[in-house]
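First up is the structure itself, then whatever we jot down about it.
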Amino acid sequence: MSGAGLFETVRSPNFTHMQPTLTVEHRRADDLVGLGEASPRLTWATATDEPGWHPTAHEIEVTDPDGLDSGATAWTTGRVESDETVLVPWPAAPLGSRQRRTVRVRVWGPAGDTPSDWSPPVTFETGLLDPADWTARFVAPAVEEAPGTAGDPIAPSPYLRTEVDLAGVPRRARLYVTALGVYDLEINGQPVGDHVLAPGWSSYEHRLRYETHDVTHLLRPGRNALGAVLGEGWYRGHLGFDGGKRDIYGDRLALLAQLEVVDAEGATHTFATGDDGSWRAGPGPIVRSGIYAGETHDARREPPGWSSPGFDAAKWGPVEVVDSDRDPATLVARVGPPVRRTEELRPAAITTSPQGRTVVDFGQNLVGRLRITLPADPGPAGAAITLRHAEILLDGDLCTEPLRLAEATDRYVIGEASGGATWEPRFTFHGFRYAEVDGWPASTPLTADDLVAVVTHSDMERTGWFECSDDRVNRLHDNVVWGMRGNFLDVPTDCPQRDERLGWTGDIQVFAPTGSFLYDATGFLASWLADLAADQGANGVVPFVVPDCLRFGLGASAWGDAATVVPWVLWERAGDKGVLAAQYRSMTAWVEFVLAQAGDDLLWDDGFQFGDWLDPHAPAGNPFDGRTDPHLVANAYLCRSLDIVAATAVLLGEDADAVRYRRLAGDARVAFVDEYVTPAGRLASDSQTAYALALRFDLLPQPAQRDRAGRRLAELVERAQHTIATGFVGTPLVSDALCDSGEVGAAYRLLLQDRCPSWLYPVTMGATTVWERWDGLRPDGSLDPGAMRMNSFNHYALGAVGDWLHRRVAGLAPDEPGYRRLRIAPVVDPDPAVRDEGGLTWASARHRTPYGMAESSWRIDGDTFELTVVVPPGTTATVVLPFGGDGAAGDPIDVGSGTHRWTVDLPAKDSS
Ligand code: BGC
């Protein structure tokens with residue numbers, strides 16, 4: 001009965017009320033204080049079970065929840081005929097600083113008569129939008145303590161405090177705060193907020209993020225104490241490889257804090273650093289702290305009660321206003337989510353190593369730090385507990401060589417009152433699965449109850465999931481998720497453990513699509529892109545790392561193309577045209593830089609390139625030296641970026657630019673073909689990466705050339721026996737290029753290979769994150785000595801395959817920006833023999849789009865193939881079944897919102 005198919009739209013038995021849910025900009029529902037936008041955009045997703053539902057109109061109501069600002073009550077847009085629901089422009093007058101608004105929305109569907117219920121109301125508040133709002137000035141200890149050890153550049157972390165008097169219970173209190181360095185705050189002995197390593201790392205000279213904390217509940221009538229601890233963080237601490245540098249942004253740690261208290265009568269009282277002599281600075285227990293170094297906490301130096309009123313700070317010294325180039329104009333509100341503690345993992349095992357050391361295994365390579373709880377009898381004051389961290393073990397002991405100069409060592413020096421104390425370092429983080437604990441009090445052996453690994457990263461909302469019938473692939477996908485968690489710690493980093501942890505542009509350029517599926521990373525990446533633009537050279541060059549602490553002044557393709565690709569990904573995946581508008585000058589500046597390198601012949605064929613970095617063919621010590629001509633990569637990326645800026649110019653109404661960049665994209669293709677492609681479609685580099693680039697970036701004008709390239713790619717994949725033969729550039733493209741060329745079987749064999757180098761080889765070696773090198777650990781568990789200096793076990797770049805798993809294997813892809821239209825076209829291994837021998841028999845992906853949850857799940861059961869698709873309200877989908885009536889891919893089917901299911905017969909085995 002080949003060809004017989006069944007289609008049903010699955011109706012929910014319980015029809016729920018139609019109700020939208022509202023979000024503001026890219027903020028989570030619990031993070032709506034301190035917005036930097038005067039006209040924040042609104043998004044709403046509507047829950048309804050009505051199949052084929054789409055919005056036709058909406059009404060937005062805006063109220064001033066406390067009437068402090070205008071006394072106005074409700075204001076509404078009235079019914080607006082519009083089907084827009086994502087990042088809809090602010091409908092009311094632009095807001096000023098410190099203004100609160102409560103917003104709700106209701107919508108009309110296709111019938112157009114009865115509105116939905118109102119969304120639950122959402123209240124948000126703006127931060128300080130005008131530099132003139134800042135009366136606070138940066139203050140630093142007039143004299144900082146010297147480092148404890150001669151020759152050690154790291155000085156103890158200063159503690160700062162003041163006290164303020166309040167006449168009554170505040171109606172509202174806000175603390176606007178940032179630092180040169182990193183900071184932690186306390187009021188009346190209580191922590192302010194739950195952020196970690198604030199204000200994070202940005203291009204500080206241009207953009208220093210401040211935070212707005214609601215501190216109303218922490219203040220009380222009478223005397224209140226306000227305390228801050230400062231750490232070196234990225235501002236003054238050691239950054240970079242090959243020795244790196246210190247003091248990159250400045251050499252003085254300083255605090256900027258402005259406490260604004262609205263009293264019961266509505267009058268505002270402001271207490272700001274620098275406005276009087278009340279702030280004092282003194283010593284604290286953190287005697288050494290660095291991002292790479294780790295932290296030493298000497299509990300004997302703890303000043304009990306330092307952040308409570310009445311503490312005797314007589315011996316503390318004065319602070320002074322710092323002459324700073326941190327003009328208030330550089331202060332910006334946070335755009336992405338804060339860094340938080342997101343999960344705690346207990347030890348999976350505590351063992352004694354062959355060398356007699358205590359080694360704790362958390363069962364998962366992660367990023368964060370340890371929290372220890374000391375026994376009641378912790379032993380003599382002055383003794384130290386040392387915590388060392390590593391991603392792997394070698395012969396049963398920590399292998400720290402891949403950390404290079406990162407000491408990654410925390411120490412707790414026992415004080416008189418340490419019995420039962422709990423301690424976690426404040427201003428550092430480590431990438432580790434294993435920890436060595438030394439000096440644990442002899443009175444009580446270390447148990448799993450005494451320590452916990454605190455997972456720490458930017459607290460983005462999870463939005464994407466994938467699963468399939470092969471557990472090894474599921475573990476690979478988990479590893480991709482953990483790789484993202486570890487490397488989205490305020491800045492998208494290459495790796496989180498060694499003396500690097502930098503915002504390498506190439507890595508995020510390839511990973512952004514995967515990351516945007518797994519988490520709502522739009523705010524995080526939009527903020528980083530603002531840093532990218534700020535750090536761009538006057539000639540448009542994009543630094544290798546953002547924030548640019550290396551300052552090489554060089555540009556390289558596939559890395560610098562983050563300037564065009566990442567904004568485009570946010571447009572495609574989140575529907576955020578505002579990011580394109582904000583980045584437009586940066587995007588065009590980058591392509592102009594490349595065009596200037598390319599010259600009249602439109603070929604960038606000299607100078608530095610990373611090329612197909614870490615092609616497994618390259619010698620361990622020379623990752624540049626892959627199979628693909630680095631300038632072929634550069635010119636392919638020039639075409640790709642010109643396409644993106646041309647399309648962006650069209651969207652933004654930059655008509656003259658659109659014409660120019662489209663023409664240049666055409667000319668650059670001609671130049672590429674002349675230089676690198678034979679008329680028959682053979683490429684100058686006969687490598688998988690070269691063919692994948694040519695196919696995915698649409699560089700081959702003739703259909704015959706494309707066919708030839710697709711076949712050659714499949715031949716090369718076959719010849720490599722389905723092991724990986726591509727680096728950072730080719731690996732994210734090769735599977736898609738194979739599928740586009742009808743070589744689905746080859747793509748699956750590449751995915752399911754577990755011999756080194758392959759995606760699954762690390763999984764067979766017990767990997768719990770994505771590795772930098774395919775052969776990070778060799779089959780016998782050893783490390784290649786030649787690769788020791790660059791062998792990270794938590795590098796998300798090669799996890800970019802996640803995007804292909806989501807879009808092609810499960811088949812859940814955006815067809816219009818923000819998934820307003822979905823393309824559901826799962827690829828299924830066409831060879832029944834392969835499926836019978838362990839190929840995938842089902843796969844499923846879910847993604848919370850801006851419109852609501854979308855899903856694509858397929859399953860082969862006996863002789864039938866079943867596909868279930870959830871299309872969110874307000875969206876439509878094009879569905880392409882992998883098997884149609886005659887065994888070939890079916891025709892596109894259009895469906896509206898709802899849950900739809902297709903059941904078709906598999907092609908008869910002999911017909912394939
Ligand atoms: C980083 C990479 C980065 C590369 C560029 C490495 O040290 O870890 O991921 O993209 O340098 O060459």
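Worth knowing before you read on, the calculation uses all heavy atoms, side chains too, and leaves out hydrogens, waters and symmetry mates.
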Task: Nearest atoms (heavy-atom pairs only) where R301 meets V287 - done: NE-CG1, 3.4 Å
Open item on the list: Contact between S586 and L529 at the side-chain level, heavy atoms closer than 4.5 Å - yes or no?
Closed with: no
- [ ] Quick one: closest heavy-atom pair of V491 and F524, and the distance?
- [x] C-CZ, 3.6 Å
- [ ] Would you please name every residue forming a side chain to side chain contact (heavy atoms under 4.5 Å, CB included) with V24, sequence neighbours left out?
- [x] L32, L35, P40, L42, V122, F124
- [ ] Check step by step if side-chain hydrogen bond (donor to acceptor under 3.5 Å, both in side chains) holds for E302 and H297.
- [x] CA-CA 9 Å; E302 279 167 11; H297 180 103; 2.6 Å; yes
Task: With sequence neighbours excluded, residues passing salt bridge (charged side-chain N to carboxylate O under 4.0 Å, His left out) with R137 - done: none
Task: Flag for D576-T522: side-chain donor and acceptor within less than 3.5 Å - done: no
Task: Within 45° cone and under 6.0 Å: R573 NZ/CZ vs Y519 ring - done: no
TODO: Report the residues that fulfil salt bridge (charged side-chain N to carboxylate O under 4.0 Å, His left out) with R223, sequence neighbours left out, ordered by chain and then residue number.
DONE: E163, D165
Open item on the list: With salt bridge (Lys or Arg N to Asp or Glu O under 4.0 Å) as the rule and sequence neighbours excluded, what pairs involving residues 262-272 come up?
Closed with: none
Task: Check: T330 and Y204 side chains under 4.5 Å, non-hydrogen atoms - done: no
TODO: Measure up the Y210 and W134 rings against each other and bin them: parallel (under 30°), tilted (30 to 60°), perpendicular (over 60°).
DONE: perpendicular
Task: side chain to side chain donor-acceptor pair (under 3.5 Å) partners for R485, two or more places apart - done: T342, E343, H457
Open item on the list: Do R501 and F429 form a cation-pi contact, if we require the NZ or CZ to be under 6.0 Å from the six-membered ring centre and within 45 degrees of the ring's axis?
Closed with: yes
Open item on the list: On a heavy-atom basis, which atom in A581 and which in L652 lie closest, and how many Å separate them?
Closed with: CA-CD1, 3.9 Å
Task: Any side-chain heavy-atom pair of D64 and W75 under 4.5 Å - done: no
Open item on the list: Per the ring pair (Phe, Tyr, Trp, His ring centres under 6.0 Å) rule, what does the pair list look like for residues 160-179, sequence neighbours excluded?
Closed with: none
